[in-house]
Structures are given as structure tokens and as C-alpha cells.
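Let me begin by presenting the structure, written as C-alpha cells, before commenting on it.
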Amino acid sequence: MKKRFAIVMTLIMTFSLLAGCSSESEQSGSAEENKLILGIESELTSFDVENGDFALDFVIRRCLYEPLVHVDPVSGEEEMRLAESYTVSDDKTVYTFKLRPDVKMHDGSTLTADDVVYSLNLTKESSYVGKNLSAMKQARAVDDHTVEVTLNAPYAAFMKNLSMCFVLSAEAHRAGTDAFNEEPVGCGPYKFVSYENDNKITLEAFDEYYRDTAPIETIEIRMFADTSSLAIAMESGELDAAAGINPVDYENVVSNDNIVVDEIATTKFCMLSMNEETEPFNDKKVRQAINYAIDRQFVLDASREGKGNPTSLLFNTAMTCTEGVEEYEYDPEKAKQLLEEAGISLPLTLNTKLSTYEGCKTEAEAIQESLANVGINVEIEILESGALYGGLASGDIPFSLTRLGTSAVDPDQYYNMVSENGFSSLNYSRYVNDEVEELMVQARSEKDEEERDTLYREALEIIQDDAPYAVIYEMPDLNASVKNLNVNWGLNGMYYLYDFSWK
Amino acid sequence: MYKYVIKRVLLTIPVLLGVLLIVFTIMSLTPGEPARLILGASADQAAIDAFNQLHGLDATFPERLWNYLKDIVTDLDFGRSYRSDKPVFDMILGRFPITFMLATLSIFFSAVIGIVLGVVSAVKQYSKLDATLTVTAMIFASIPSFWLGMMLILGFSLNLHMFPSHGADSWQSYVLPVLTLAVSAAAGLLRMTRSAMLETIRMEYIRTARAKGASPRDVIYKHALKNALLPVVTSLGISFGTSLGGAVVIETVFSIPGLGMLIVNAIRDKDFPLVMASILFLAALFCLVMLIVDLIYAFIDPRIKSKYLN
């Protein structure tokens, strides 16, 4: 019996030793091998430039493909990429791009205007990212290295949106999307090597990339279904970098001496929408009172361990047009006073529920508490996200709490939230104000940056006063990386792994 | 025998049809449009309408059901995923080997551990060993698998660095998820085997076997176990089905790209064709496993075998 026990124990120990060794070797040496293992909490839709809008879809596009021009999301500064230079017609509707002659595709061919036109048309047709090119009327190849893009009307944010459109090999893509997804061909800094088990993507630096070859030779991207598994994999040394750490795991991850966690500003924000077609939200004073009643820092502490930026501004605060616009501070007394002026006797029990989905439940509960403090009682209703979006689009949900994010960092992205044209999409409050509509439309075609900012600032001031929404907080991404990795996480999840390197 | 198999295979058709109808109805009745979930909150009505038209979602419920059935019957076409636009069975078959491996390994280990310890426990009834085993089994049967999974990750991945915490890249990645699944299944099997054995060893024919002088070992393994195994085999078959279901939870905890995770994501998107096909696939598999279980009976129990032969 003892002998048998000894044999079993020996087996178990040998087994553990083997397992231990192999994962040890996996853990270290990423820097020596010049390889980056990135974990991300996201799915992948495809390797195309247009099919899908998950976080990972964009990360991959920024590796395999190139935009014509890169535009800094905040400063608007432009860096030429596939385009060598471009000109704009006097009426600001025709953009002519001169392409670099020396851009090689991953299959060895040279980039031509045909690839660009094909990719732009493909993107425009997309139900995921087509909105980035909604201003484009048509794209055509003038010659092999010149592309002309015509807009429906002048559109100031066009270059910003264009920088999120990527170019792939038209020839490879014409052969069929299924085949293309098996072996995508682009002209970006990395080329596709393999996609295993639907959860591991391997990319390799492209030697003939038209700028310098990428500093990191191999990139391995691992997909996670759950943020806590992502955090644990980062902590246990299985990953070199992790995008999308949950605030709950922040302390654990950051307590590891070898890891740094960066807070990356994004356009994601959490907001209450108050449908102006329903009682009592048809009264501006009530909407303002709710804005004053919410203790935003408390909501943020309760739901996201304080990670985020409490603000009541609808437009993202990274944008210059938000500077100097007055915010709603937490002021329960003021809220009570406004409700009194609106002829409401407290305590008030709302006959509508606060609708939200599972992901915002904690926020909703904290808001419920804030509102109860000024005498507004409301019940919370948790819906499936599909049902919630459907109800909001049809105007059937009067009071809701949702999270939103915009693809570009540009005030025009909020147009559908404040215009009648957005009733079926993002205008959850059914907010209409002719003055705002006029300012937003005018600013859209204004080329002068400062003038455009002024128009948007004016619009924002009116929106803030009308208070159709009560924005609660802006939400940063928490991205972790090992200390000897140089990272550049960009803004709003728009990072190029080309900009990463080992120290 | 063949007749029986053919009859059973044919019987799965109404079962699958029933599953299809139920899932299709549930998916249609639950609120939320696939278009809104897949295209995102910022999509406008025009994009939503275009999506619905493209996928035939603007038709009425009976029309959609009819079209779906028609495509399956005439072309064996189960459709393409709304999200990725890939044929659904390519996606399912790409993911299935991982889930199958998880389920098979965990059933294998749980059967070995559960049956052996169950027999030991029954033979040594009321001993200290029996008490320990029964209590341990009770504890493990009660632990929720997602919690056990997380604890194993904390212990073996984070602190000891022995096994990876996620993925399905190497054999090491299977250790923790298989352990998680196997432990609770083994606990159930142990209890089942123990009670079946206890019942059997009190039977008169066991006493007869002992009386004619068969060795205790032969009595247990040849006479008792073979008869006690019948309910255990049924429960093994059911366990296999539960493992496939349990894999949904375990795959999420361990970020394993199996069928379970595919289904979870598809349901979240209301990706009709993908949900339907995955569930039909699992249902068909379950029917197959139950058929195999019934056939195994024949080998264990001669009474049933003789029935087939007639």
C-alpha cells in the first residue's frame, strides 16, 4: 500500500514539475524573443477592414492595414501615411490624395489607387463602420497613384473620420471574403501569420513595410471572455500587456512590482436620458434638478472604484470646445428648490421606472440613492440590452441609464443625440432645439477650427442648460503592461502596436 | 439489433424538431432585435431596416419558421452567422473539438475516480474511509463549478505558476478546466455507485456467490459491479450531456474558445442561425450519447441483449 502511494505521489510530482517548467519558460523571455503577448477582453468579427466594430477588430486593422492619413484624435494634427500629400478644392468637397509610390502589400504587389478606392467603397457600404464615410459621395482613381474623393457637402470632420478607414489589397479581397479571412493581405506594419482556435492571433513584422520595420518582431494576441481571467493572466506573467482591466481588479494588478497600469481616456460615458415627451421630464426644471441631485463622485466610487472622470458635460471633455462650459455640481438643496419651482411637492414617486441593463446596475442603484436623498423615488428595471435599445429607439422608455462611446473624438458625433434625425438611433431623450440643430449643422461644414469650436461651445451651452441628459461620468480604459515595455496606448482605444517596443 | 438502432435514430427526428420549435419560439418571443445588438446603439433606422431585410427578419414568425425549415430540408442550409457572416457549421465544427475534448476528458476522469471510490466506499461501508469519501463527495458535489474554477486559477496559476489560467493552447491548459468539471461529476458518480453497490451486495445471488466459495474480489467485480453499473452508465451518459452544458460556464471562466463560449456570445447577439444550429447540434449529440448508453446496456445486461435479439 505504501509503495503504491509512493508511486502515485512521484507521478503527481513529476507531472507538476513538468507543468511548472513549461509555463516558466513561457512566462519569461518575451523581450529576448522580441515578441509581445497582448491580452484583450474582446471578440473578433473578421480580418476585413469593414466587417465588425469590436475593440479587437480595430486593433487588428491598425496592424494589418494603413489609413491614408493619420489624424491625432484630439489635436487634429495630421501625419501622412499612404498618402504623400493631398489637396482640397475651394468648395471643400473634393479631396485629391497623391499616394506614395513605394508602398508594398504583404503579397509583394505595390499599392495602387484601385486598392484605395475599393477599400473606401467597401467601408462605406459597411453597416458597422460605414458611418465614418457617410459624408463621401464617391471615390475614384484618377491614375495609378491619385485618388479623388468627392463629398456630398463640405464636412469638417472628414479627415478625422477618414483616418479610421483602412486600405486592403483589392485583388486579394475580390477573390472572396472567406478566402481573404484565411489569409488577409494589407500593407500595414504587421502581416498575418495564424489564427488558432478562434482565440489566438499571431502577427509578424512586415520586412518591406514602407516606414521602418516594426520594432517588435512577433505579436501574439490572446482573446479573453472575462475581465477577471484577463487580470489573472496578466498578474501571473502569462501576458506582456493587457487591454481592458476591470477597475475591480486594478489594485491586485497594480500591486505587482513588474506591472504598470495606465488610465487611457476614452469617449465612453454613462448617462441618464430623460424623454422630453413624458411627464415630469417635459419640464426643464425637473431635468436640471436631477442633474443637481446626483452625486457623481459617489456613483463612480460605488460602481468603478472611483476610476473615471465625474462630469455632467455631454461632449467629451478632451475636446477643446468643452473648455469653460458650466457643469452641474452636486447640490441637493438647489435640486429641491428647482423641483419646488416646477410645482412638484416632495417626496415625489416617479411613475416611470429607471430602465437600464445589467452592466449599469450598480450605477443605477447609486443614482437611485442620490435621487432618494432629494425626495425623488424611482424603481429600477433591468432589461436585456436589445430590448432596451429597441425601446429607446421607439421612444417607449422615458427614463434610462446607458453607456455610450463615439468612434471619433469629434463633437459632430453627438449630432444624433440632439437632433430630430436621431430619434430612431441615439436621441434617447427626444430632445429638439432649433438653435442647437442650426449650430450643429453649421459647425459641421465650418473649416476654421477656432470658429468651429465656438459654434460647438455655443451649442453645448444650450444643451447643458436644457439638460436633456444627465451625464454621470467618463470612463477611461485601464491598460496594463510590464515595466520594460514601451507602450503608447493612444486615446480611445486607438493604439498602433507599431508604436510599442521593448526597452 | 440494427432494427432497434434505426428505430432510435428515426426517433431523434421528432425530438430535434421539437427542440428546434421551442428554441425558435423562445428566440422570437424574447425582446430585443438582433439588428440593434449587432449594429450597436448608434445605428439608425435605415441601417436596421436594411439588416432586417437582408436576413429576412422583417417577415412574420410563421414565415420565418417556414423559410428556416425549408432551407434546412431542401439545401441542408443552416444559414450564416449574422455577426461574422460565416457558415454556422464551419464555426461550430471549428469550436467543437475543444469542447468535446473537455467533456470527454472530464467524463473519463470522473468515471475512473467516481466508480472506483464508489465501490471502495460501498465495500467498506461505515468505515472511516467511507465516511471521509462520502463527506468529501458531498462537499465537491455542492461547490459551484465556476467558483471551484476560479479558486484553482488563483492557486495553481497565480500563486504556483503551474498551469496557464486561460486558453486551450497546450495540454497544460486543459488540466484545470478538466479538473473542475471532473470533480463535481466524480462526486455525483461516487454517490451513485456507492448506493447501487450497496443495494446489489445485499442481493441473494451475491450471497449465493459467496457461499459457493468465490473470492471476495470476484464477488465484487464480477458479480456485484456488473449489475450495479446499469444506473451508473445512465448517469454517465447524462453527465456527458451536463458536461457539454457545464462547459459553457467553464469556458467563460478559463477563456477557452469552445462551443460554450460561441453559444453564449451568439445568444447575447441574438444571432439566430448560430444559436439554432449550435443548440440543434448539441441536442443531436445528446441523443447520440443516450443511444450509445442504451447499446452499452446490452453488453452489460444479458437480459436486455436477449430482448434486442428477439
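The sequence lines fix the lettering, A, B, ..., with proteins before strands; numbering per chain opens at 1.
With a 4.5 angstrom heavy-atom cutoff, L39(B) touches chain A via backbone and side-chain atoms both. Of the two parts of S127(A), the backbone and the side chain both hold a non-hydrogen atom closer than 4.5 Å to a non-hydrogen atom of chain B. Neither the backbone nor the side chain of V264(B) comes within less than 4.5 Å of any heavy atom in chain A. Both the backbone and the side chain of L158(B) come within contact range of chain A, with heavy atoms under 4.5 Å apart. Only the backbone of M223(A) comes within contact range of chain B, with at least one heavy atom under 4.5 Å from a heavy atom of that chain. Using a 4.5 Å cut-off between heavy atoms, I38(B) contacts chain A through both its backbone and its side chain.
Pairing each heavy atom of T30(B) with each of E384(A), the nearest pair is CB-OE1, 4.4 Å. Minimum heavy-atom separation, Y128(A) to Y82(B): OH-O, 4.2 Å. Shortest non-hydrogen contact noted between N199(A) and A168(B) is ND2-N, 4.4 Å. Contact between N51(A) and R83(B) at its shortest, heavy atoms only, is OD1-O, 3.8 Å.
Around CZ of F423(A), the count of heavy atoms belonging to other residues, nucleotides or ligands within 6.0 Å exceeds 12. Counting heavy-atom neighbours within 6.0 Å of F61(B) CZ, excluding the residue itself, gives a total above 12. Counted within 6.0 Å of CD on Q53(B), heavy atoms from surrounding residues, nucleotides or ligands total 12 or fewer; the atom is thus considered open. Remark: E183(A) CD is loosely packed, at most 12 non-hydrogen atoms of other residues, nucleotides or ligands lying under 6.0 Å away. The local environment of CD in E182(A) is sparse, with at most 12 non-hydrogen atoms from other residues, nucleotides or ligands closer than 6.0 Å.
M150(B) CE to S228(A) OG: the interatomic distance, rounded to the nearest 0.5 Å, is 5.5 Å. Summarising the geometry, atom CD1 belonging to I256(B) is positioned 13.5 Å from atom CG belonging to D198(A); distances are rounded to the nearest 0.5 Å. Atom OG of S385(A) sits about 12.0 Å away from atom CZ of R36(B), to the nearest 0.5 Å. For the atom pair OG (S424(A)) and CD1 (I48(B)), the distance works out to 7.5 Å, reported to the nearest 0.5 Å.
Contact of the L154(B) side chain with the I232(A) side chain is registered, since non-hydrogen atoms from C-beta on lie closer than 4.5 Å. Residues S236(A) and H161(B) meet the side-chain proximity criterion, which asks for heavy atoms closer than 4.5 Å. For the pair M261(B) and E43(A), the minimum side-chain heavy-atom distance is 4.5 Å or more.
Of all the listed residues (K270(B), R95(B), M91(B)), the one sharing the greatest number of non-hydrogen pairs under 4.5 Å with chain A is R95(B).
Here the side chain of H166(B) pairs no donor or acceptor atom with the backbone of L230(A) at under 3.5 angstrom. Side-chain N or O atoms of S255(B) include none that pairs as donor or acceptor with a backbone N or O of F224(A) at under 3.5 Å. Not one N or O on the side chain of S229(A) forms a donor-acceptor pair closer than 3.5 Å with the backbone of F254(B).
A donor-acceptor contact under 3.5 angstrom links the side chains of S165(B) and E238(A), judged on distance only.
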